[in-house]
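Read the structure below first, then the notes.
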Amino acid sequence: MDDHSAPAIRAEAIESLLIEKGLISAAEIDEVVERYNDRIGPLNGARVVALAWRDPEFKRALLEDGTAAIARFAFEGGQTEKLVVVENTDRVHNVVVCTLCSCYPWSVLGLPPRWYKDPAYRSRIVREPRRVLREFGLELGDEVEIRVWDSSAEVRYMVLPQQPAGAARDSEAELSARVTRDSMIGVEVLR
Amino acid sequence: MSAEFALDGAAAPPMQNGELVFEAPWQGRAFGMARGMAERGLYAWDDFRDRLIAEIGAFGRNAEAIVRRGGVAPEFRYYDHFLRALETLLVERAVIVRGELGARVQTFEERPHGHDHAHGHERAHDHDHDHDD
């Protein structure tokens with residue numbers, strides 16, 4: 001077989017064979033693509049973060065058992081892995097990676113950005129996190145401990161960023177609009 | 001960027017995170033197949049993940065070796081590895097046979113120019129159609 005054929009053609013060839021064999025339909029593939037393209041994304045995580053900022057009881061539950069705490073949102077995604085939420089404070093900054101591939105908390109953040117899957121990020125964030133974060137534009141003081149969380153088959157991590165100053169009177173919807181994807185991966189701090 | 005998915009106008013793929021989730025329609029198809037087959041119970045997602053880790057690991061070792069010899073590391077194309085991991089898993093599980101896949105690839109490659117163009121375009125924008133939900 002020609003291993004150098006264009007991936008677009010190879011993907012199409014695989015799809016046509018799977019459909020012929022009755023293993024999956026084009027409509028089912030469409031549905032998965034549409035779900036991840038249009039419906040599941042960082043807005044889910046932002047709603048979780050906003051609620052945690054507003055509701056101390058929810059925040060406590062979220063940090064204790066992320067999977068159970070987000071059940072009330074009934075997010076789509078079919079993610080069965082355990083969700084662990086790690087909290088940023090004045091003293092501790094958390095950042096998430098998957099050193100082996102691209103594991104990511106899909107149900108709350110959607111599919112990962114390109115750089116998250118990049119070999120450079122995957123290896124360097126573990127070796128020199130402070131420097132990599134600086135390249136993202138995030139300068140952390142020496143007094144801040146950086147914790148790097150390596151996602152796995154079983155556990156997916158999400159960062160609970162610190163609430164930005166001046167947000168105390170915001171509604172929950174306004175708060176969630178302030179939360180960025182990058183802050184929930186841990187490569188950004190909300191100002 | 002190929003002409004088959006122009007990024008302007010009403011047919012532009014939806015943006016998320018301020019960037020495209022899939023950079024080409026085939027990447028979405030590959031993801032849809034891999035995930036969809038797992039959701040249908042044809043394999044566990046972790047079985048796919050294991051092949052993906054192996055693919056990405058092999059790329060990394062190869063790239064390191066090239067750099068050690070003074071060469072330039074090849075560009076990392078995530079979905080190329082993703083597709084290859086899917087292919088490997090499907091062949092290992094005898095869901096598809098290498099020979100039939102090769103034959104199908106060849107058939108598609110020999111199509112008159114422009115045939116796959118319209119097809120791929122229509123597929124890529126199926127999400128713009130009406131839904132019942």
From B:M37 atom CE to A:L18 atom CG, the distance as rounded to the nearest 0.5 Å: 4.5 Å

Between B:I53 and chain A, with a heavy-atom cut-off of 4.5 Å, which part of the residue counts as in contact: side chain, backbone, both or neither? both

Applying a strict 4.5 Å limit to non-hydrogen atoms, the region of B:E100 in contact with chain A is both

Please assess B:I96 against A:K21 for the test side chain to side chain contact (heavy atoms under 4.5 Å, CB included), listing each intermediate value before the final yes or no. CA-CA 9 Å; B:I96 55 176; A:K21 292 169 193 286; 3.6 Å; yes

Atom pair CG (B:D46) and SG (A:C103), whose distance is rounded to the nearest 0.5 Å: 8.0 Å

Start with the C-alpha gap between A:R114 and B:E23, add the side-chain angles, then the distance that decides, and say whether side chain to side chain contact (heavy atoms under 4.5 Å, CB included) holds. CA-CA 10 Å; A:R114 188 188 176 119; B:E23 292 166 341; 2.7 Å; yes

Closer than 4.0 angstrom, basic N to acidic O: yes or no for B:R49 and A:E154? no

B:L90 side, atom CG; A:L17 side, atom CG - distance, nearest 0.5 Å: 9.5 Å

Do A:L111 and B:F31 make a side-chain contact, defined as non-hydrogen atoms from C-beta onward lying under 4.5 Å apart? yes

Between B:Y79 and A:P7, is there a side-chain heavy-atom distance shorter than 4.5 Å? no

Going through the checks in order, is the salt bridge (Lys or Arg N to Asp or Glu O under 4.0 Å) test met by B:R35 and A:E31? CA-CA 11 Å; B:R35 189 68 192 163; A:E31 190 281 322; over 6 Å; no

If you compare all heavy atoms of A:R10 against all heavy atoms of B:E87, which two are closest, and at what distance to 0.1 Å? NH2-OE2, 2.6 Å

Would you mind checking if B:R29 and A:D30 are paired as a salt bridge, meaning a charged N to carboxylate O distance below 4.0 Å? yes

Pi-cation contact, B:F76 with A:R122 (under 6.0 Å, within 45°): yes

What are the two closest non-hydrogen atoms of A:V32 and B:G36, and how far apart are they? CG2-CA, 3.9 Å

Counting only heavy atoms closer than 4.5 Å, note whether B:F82 contacts chain A via side chain, backbone, both or neither. neither

Heavy-atom neighbours of A:K59 NZ exceed 12 at 6.0 Å: no

Write down the atom of B:F108, the atom of A:S16, and the distance for their closest heavy-atom approach. CZ-OG, 3.7 Å

Where is the tightest heavy-atom contact between B:G28 and A:V33, given as atom of each residue plus distance? O-CG2, 3.0 Å

Apply the test side chain to side chain contact (heavy atoms under 4.5 Å, CB included) to residues A:I14 and B:L83: give CA-CA distance (whole Å), side-chain angles for both, the deciding distance (0.1 Å), then the verdict. CA-CA 9 Å; A:I14 294 172; B:L83 182 66; 3.9 Å; yes

Judged by atom type as modelled, is there a donor-acceptor pair below 3.5 Å linking the side chain of B:R40 to the main-chain atoms of A:L23? yes

With clusters defined by side-chain heavy atoms of hydrophobic residues (ILVMFWY) lying less than 4.5 Å apart, directly or transitively, does B:V91 cluster with B:V95? yes

Indicate if A:V96 and A:L100 have the same hydrophobic cluster label, given that clusters are the connected sets of ILVMFWY residues with side-chain heavy-atom separations under 4.5 angstrom. no

Nearest-0.5 Å distance that lies between atom CG in B:D50 and atom SG in A:C101: 9.0 Å

How long is the gap from CD1 on A:I9 to CZ on B:R104, to the nearest 0.5 Å? 12.5 Å

Interface residues of residues 126-150 of chain A facing chain B - heavy atom cut-off under 4.5 Å: none

Using 0.5 Å steps for rounding, measure from the CD atom of A:E12 to the CD atom of B:E109. 11.0 Å

Identify whether B:Y43 and B:V97 are in the same connected component of the hydrophobic contact network (ILVMFWY, side-chain heavy atoms under 4.5 Å). no

Looking only at A:S152, A:A27, A:S123, most heavy-atom pairs under 4.5 Å shared with chain B are made by A:S152

So which heavy atom on B:L52 is nearest to which on A:S102, and how close? CD2-OG, 3.8 Å

With a 4.5 angstrom heavy-atom cut-off, is it the side chain or the backbone of B:E75 that approaches chain A, or both, or neither? side chain

